[in-house]
Number of protein chains: 2
Amino acid sequence: MTLNQILEQLKLAGYKATATRTLILETLIKNHELILSADEIYLMVKLENAKINRSTVYRNLEILSEENLLYKTITDQGVTKVKLRCCDKHHHHLICDRCGKIVVFDQCASDLYREFAQGHGFLLTGHTLELHGICKNCQLLERV
Amino acid sequence: MTLNQILEQLKLAGYKATATRTLILETLIKNHELILSADEIYLMVKLENAKINRSTVYRNLEILSEENLLYKTITDQGVTKVKLRCCDKHHHHLICDRCGKIVVFDQCASDLYREFAQGHGFLLTGHTLELHGICKNCQLLERV
DNA sequence: TTTGGTGCAAAGCGTTTGCACCCGC
DNA sequence: GCGGGTGCAAACGCTTTGCACCAAA
């Protein structure tokens, strides 16, 4: 999804294309293969524009999330990390815990999960699956 | 795992069997099929003993976690929830998002995950899988 | 008696919110 | 000019920590 497509969708929902919002979106697009914290996004934008506030990042992420444009996860330390959704097809992620690199994992046993839940009287409302590891690049860096 | 077995393991690690610690452990054992927040544990213990502090709960959960006796997860809201580990066999959980009820899900495609990660140059260090739903009891309550 | 444990209050930290001012449209 | 957007500072909620006192072993 390009910057203009996202801005267009936001416009239809009543949101404006401001300079700061554009910088945040450009950061997310440029790093679409990384999962980032609000603070990381804040710092990245700050490198190009001294005038940005953390709360602006949070408010923009909230809007993107409402528009269903954001994939969110939360680390063991309780920090929320996000990336732009890459496609509509159901999938999960393989995440590098060092650098945040993302690989799409699209083999999901959703049918098995639903049947298992039903078998135990549960109505399945969702599931989470994340593979965590260290990418090739970070493995090489570790050897230094 | 019984209360005495846990206290024995803690003793070997240099920890004492205090009254408050015992109350926390009894609460975890009694509710072994529920996933609880620190605050829920605090309130449950408080019902039986006016003298307990939230920080004591956190400190005890930290010790249990170091002793590998605790399963931890974190909600979308950033609240950590715990339960005593029920067995050593690798497994995941089906969780009721209303009442916290837990069902063990032991069909895990770990081999597939490892192969997928290796195929992308990753060293797989772990994975998370949680099924979320509403248990039969909570479904019935909702209809009221 | 030694050393870990606890309650209390304050601090930490990521995140949210109220408010005044700013800026797309 | 209207209504959404932003920076700033303060508040929030969960969790951690420093400290003095308590209690297991």
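In the text below, chain A, chain B and the rest are named by the order of the sequence lines, each starting its count at 1.
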*Asks:* In whole angstrom, what separates A:Tyr42's OH from C:dT15's C1'?
*Replies:* 14 Å

*Asks:* Nearest heavy atom decides the nucleotide; on that basis, is B:Ala38 or B:Ala17 closer to the 5' end of DNA chain D?
*Replies:* B:Ala38

*Asks:* Taking atom C1' of C:dC13 as reference, at what distance in whole Å does atom CD1 of A:Ile74 sit?
*Replies:* 13 Å

*Asks:* Hey, is A:Glu40 close enough to A:Lys83 for a salt bridge, meaning N to O under 4.0 Å?
*Replies:* no

*Asks:* Less than 3.5 Å between a donor and an acceptor, one on the side chain of B:Thr80 and one on the base of D:dC14, is that the case here?
*Replies:* no

*Asks:* What about A:Arg21: does its side chain form a donor-acceptor pair under 3.5 Å with the base of C:dG24?
*Replies:* no

*Asks:* So does B:His92 get a backbone contact from the side chain of B:Glu130, meaning a donor-acceptor N/O pair under 3.5 Å?
*Replies:* no

*Asks:* Can you find a donor-acceptor N/O pair under 3.5 angstrom joining the side chain of B:Arg54 to the base of D:dG13?
*Replies:* no

*Asks:* Starting at atom CD1 of B:Ile41, determine the distance to atom C1' of D:dC14, rounded to an integer number of angstrom.
*Replies:* 14 Å

*Asks:* Return the nearest nucleotide to the side chain of A:Tyr15; candidates are C:dG14, D:dG4, D:dT6.
*Replies:* D:dG4

*Asks:* Roughly, in whole Å, what's the span from NZ in B:Lys81 to P in D:dT15?
*Replies:* 11 Å

*Asks:* Closest approach to the side chain of A:Arg59, judged atom by atom: which nucleotide of C:dG5, D:dG18, D:dT6 is it?
*Replies:* D:dT6

*Asks:* Has B:Thr18 got a side-chain N or O lying under 4.0 Å from the OP1 or OP2 atom of C:dT6?
*Replies:* yes

*Asks:* Between D:dC14, D:dC8, C:dT3, which nucleotide gets closest to the side-chain atoms of A:Lys51?
*Replies:* D:dC8

*Asks:* C:dC13 P sits how many Å from A:Tyr58 OH, rounded?
*Replies:* 13 Å

*Asks:* In whole Å, what is the span from the CD atom of B:Glu40 to the C1' atom of D:dC14?
*Replies:* 13 Å

*Asks:* Looking just at side-chain N and O atoms, do B:Asp39 and B:Ser37 make a donor-acceptor pair shorter than 3.5 Å?
*Replies:* no

*Asks:* OP1, OP2 of C:dG7 versus side-chain N and O of B:Thr56: anything below 4.0 Å?
*Replies:* yes

*Asks:* Any donor-acceptor pair, under 3.5 Å, between the side chain of B:Ser37 and the base of D:dC14, if you only look at N and O atoms?
*Replies:* no

*Asks:* Aromatic ring centroids of A:His93 and A:His132 under 6.0 Å?
*Replies:* no

*Asks:* Does the side chain of B:Asn53 get closer than 4.0 angstrom to OP1 or OP2 of C:dG5 through an N or O atom?
*Replies:* no

*Asks:* Taking the minimum atom-to-atom distance to the side chain of B:Ser55, which one of C:dG14, C:dC8, D:dT6 wins?
*Replies:* C:dC8

*Asks:* Less than 6.0 angstrom separating the ring centers of A:Tyr113 and B:Phe105, yes or no?
*Replies:* yes

*Asks:* Looking at the side chain of A:Lys16, which of C:dT15, D:dG3, D:dG5 is the nearest nucleotide?
*Replies:* D:dG3

*Asks:* Which part of the nucleic acid, if any, lies within reach of A:Asn60 when heavy atoms closer than 4.0 Å are counted: base, sugar-phosphate only, or nothing?
*Replies:* sugar-phosphate

*Asks:* Over how many whole Å does the gap from A:Leu23 atom CG to D:dG7 atom C1' extend?
*Replies:* 15 Å

